[in-house]
Amino acid sequence: MPQQEVTLKYSEILRRNAAFAGDLPAQRYRIALLSNVVVAHLKDLLEYELRVEEIPAVVTLGDYDNIVQDSAKSKDADLVILFWEAYNLIEGLQFKADLMDSDTVDALVVKVSTEIDFVFDNLKHTPLVLVNSFSAALFAGLSIGPRALDDLCARLNRHLGERAPRQARIVNLDQIITHLGVNASVDRRYLYSSKAPYTIAFLKAYAEAIKPYVMAARGKAKKALIFDCDNTLWKGVIGEDGMEGIEMSAATKVGAVFAEVQAIALALNRQGVVLGICSKNNPEDVDQVLRSHPDIQIRDRHLAVKRVNWQDKVSNLKEIARELNIGLDSLVMVDDSSFEVNLIREQLPQVTVLQVPESGHLYPGLLRASRGLFHTLSTTGEDRRKAEMYSEQSKRQADRVQFANLDDYLASLGTTLTIHRDNAAIVPRIAQLTQKTNQFNLTTRRYTEADIARMVADDHTAVFAFSVKDKFGESGVTGLCVVGINGKTATIDSFLMSCRVLGRRIELAFMDWLIEHLRCARIEQVKAKYLRTDKNAQVADYFDRCSFRLLEASEAQRCYALDVEAYRSTSAHNVEVIYGSADQERDGGSVQHVA
Amino acid sequence: MEARIKNVMAAVFNMSPEQISDDASPHEIAAWDSLKHMNLVFALEEEFDIHFEEAEIASMVSLDIIAATIRAYAE
């Protein structure tokens with residue numbers, strides 16, 4: 001799987017590949033590996049790399065240094081790999097080359113070029129041929145000196161480029177060696193003793209490098225690249241930070257990474273990769289960025305599909321696939337949130353998900369390394385127009401919203417909601433939350449630290465702050481509810497949550513807990529208000545969903561009341577609620593002194 | 001350590017670990033040819049994060065010797 005982070009050990013690959021061998025379908029993907037050195041250990045590595053992608057690959061090894069004759073016997077293979085190694089074109093060429101006179105070198109170039117022509121002719125009907133470029137990198141080192149092997153390789157590579165048939169692709173060996181480093185690529189013990197110059201690490205990288213060609217040949221190339229918005233296309237949260245607060249300029253420290261990511265996406269788009277957006281946001285906010293942010297590179301005209309709403313991403317991705325009329329397995333989704341990434345991986349394993357690395361500077365490299373996923377063997381004008389075709393197709397369809405059932409997934413997260421009351425230690429963070437939170441915010445009342453400190457100390461005001469923890473980590477203080485108490489009536493003054501923890505029924509679990517907590521404190525009635533702003537449309541019906549009675553509604557606000565005994569639990573069973581902790585007791589104690 | 005070595009050997013020779021006896025050698029394991037020996041060396045080096053000398057590689061033809069060679073690196 002592309003998303004697997006840890007590279008497997010060689011022995012584990014051997015074990016798993018042997019297990020695959022038991023139930024391959026009758027129709028195999030036949031690969032002939034022809035070489036003038038020993039690369040037998042590539043067989044298992046390459047088979048495994050392809051079999052995990054459900055390509056039933058079987059690698060057949062040619063005889064040692066018998067490429068020309070073996071190519072005649074390999075016509076029926078689906079893929080022929082020519083692993084032609086420069087240093088063994090003749091015995092000891094790596095040191096002999098520097099001693100050869102130019103006539104001898106010329107004669108050698110003619111001999112090998114003729115062999116190459118024979119081989120290409122033998123393979124002219126083979127669907128796919130991969131041929132390595134000749135490389136002297138294993139022997140170059142840092143020294144200054146004669147470089148006859150380099151010159152020889154350059155001449156042979158020119159010949160390869162001129163003569164390679166249409167269905168052949170040249171694998172850039174220098175690129176793989178550069179990526180890994182010479183010393184990690186070469187095993188000098190076996191280079192001399194067994195004509196097996198390459199390490200397992202190199203052969204793993206080689207298998208990975210040629211995989212996109214095979215995926216393309218098998219129709220498994222990805223077609224669409226779908227981005228989340230906040231902290232994925234740009235730095236910051238548009239709903240919170242606003243147009244001035246988000247960054248994606250190549251000229252700023254935090255923006256540069258995102259400028260590069262957008263450019264990589266646009267370059268893919270030029271090659272025919274469909275771009276799209278799938279984001280939990282207000283559509284107007286995202287549209288405004290796409291239309292008028294000074295640093296945005298990806299524009300509406302590049303986007304074949306947009307799903308900007310508060311629906312879960314699994315449903316959105318299903319709709320995107322349907323709208324573009326491609327399979328879910330053709331989608332690559334990029335997102336920064338562990339919650340979303342893991343939700344998609346568990347619910348839609350066909351979708352390839354790339355998570356924005358926590359270290360921003362690794363992000364462009366991740367996306368660049370993933371370009372092979374989209375590789376197609378052909379490069380016709382039709383491919384380049386494909387992106388536009390999808391774009392039009394998408395506009396013809398307007399699907400209705402449909403919710404997936406997420407119960408099982410949410411339950412599997414092991415979500416814990418920890419609630420503290422009147423915790424003086426976190427007053428600055430609470431004040432900051434009231435200042436910054438726009439979207440999930442019922443009343444949008446902004447408070448200073450002094451305001452919060454006063455309310456924390458006040459017996460008639462309860463300040464509930466909460467944090468959320470699940471198997472992927474802890475959110476820190478991300479939610480707040482301020483409740484005024486007057487006799488047997490409680491009034492919800494503020495209720496807000498950071499957008500980081502939305503979509504997990506936290507808001508419902510909290511209300512279940514709060515009402516039960518108030519009932520125990522002999523409160524009989526709860527009053528609440530929703531005050532409309534430009535940003536908080538997503539919570540307009542929140543109190544309705546929590547079985548509050550709507551008393552009056554206007555454009556600006558909705559007023560509610562709840563008889564505590566009439567409250568119907570929202571059944572957010574996926575969330576476990578913990579009230580207070582040792583820390584809270586200690587901090588609670590200090591509140592008294594502050595008061 | 002012997003169990004870890006046996007697991008690696010089993011993967012390389014495509015056998016189950018139980019089939020690898022304590023005095024396993026190329027004489028009784030048919031798959032243990034020179035090519036598989038190279039694979040075994042690579043797999044062991046990765047497993048134990050070591051790098052064998054050529055003389056060691058040539059001598060590592062039984063479970064005992066392999067274990068002793070690896071143990072020498074651990075000391």
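To find a chain, count down the sequence lines: A is the first, B the second, and so on, and within it residues start at 1.
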Can you tell me which portion of A:D44 sits under 4.5 Å from chain B's heavy atoms? Options are side chain, backbone, both or neither.
neither
Would A:L14 and B:V12 count as a side-chain contact (heavy atoms from CB on, under 4.5 Å) if you check the C-alpha gap in whole Å, the side-chain angles of each, and the deciding distance to 0.1 Å?
CA-CA 7 Å; A:L14 291 174; B:V12 171; 3.7 Å; yes
Measure B:N14 against the heavy atoms of chain A and call it side chain, backbone, both or neither at under 4.5 Å.
side chain
Are there more than 12 heavy atoms of other residues, nucleotides or ligands under 6.0 Å from atom CD of A:E358?
no
Would you say CZ of A:F118 has more than 12 non-hydrogen atoms from neighbouring residues, nucleotides or ligands within 6.0 angstrom?
no
Does atom NE2 of A:H179 have more than 12 heavy-atom neighbours from other groups under 6.0 Å away?
no
Got a second to check how far B:E45's CD is from A:T199's OG1, nearest 0.5 Å?
10.5 Å
Can you tell me which portion of A:A196 sits under 4.5 Å from chain B's heavy atoms? Options are side chain, backbone, both or neither.
side chain
In terms of heavy-atom pairs under 4.5 Å with chain A, which of B:V41, B:N39, B:L35 leads?
B:N39
Looking at chain B, which one of A:E12, A:K9, A:R15 has the largest number of heavy-atom pairs inside 4.5 Å, strictly under?
A:K9
Search all heavy atoms of A:S11 against all heavy atoms of B:A11 and return the closest pair with its distance.
O-CB, 3.3 Å
Among A:F202, A:Y190, A:Y10, find the residue that satisfies the ring-ring contact (aromatic ring centres under 6.0 Å, His included) test when tested with B:F42.
A:Y190
Checking heavy atoms, do the side chain of B:L44, its backbone, both or neither come under 4.5 Å from chain A?
neither
Please lay out, stage by stage, how A:V38 and B:M38 fare under the test side-chain contact (heavy atoms from CB on, under 4.5 Å).
CA-CA 11 Å; A:V38 175; B:M38 179 173 77; 4.1 Å; yes
Residue by residue, which of residues 56-74 of chain A have a heavy atom closer than 4.5 Å to a heavy atom belonging to chain B?
none
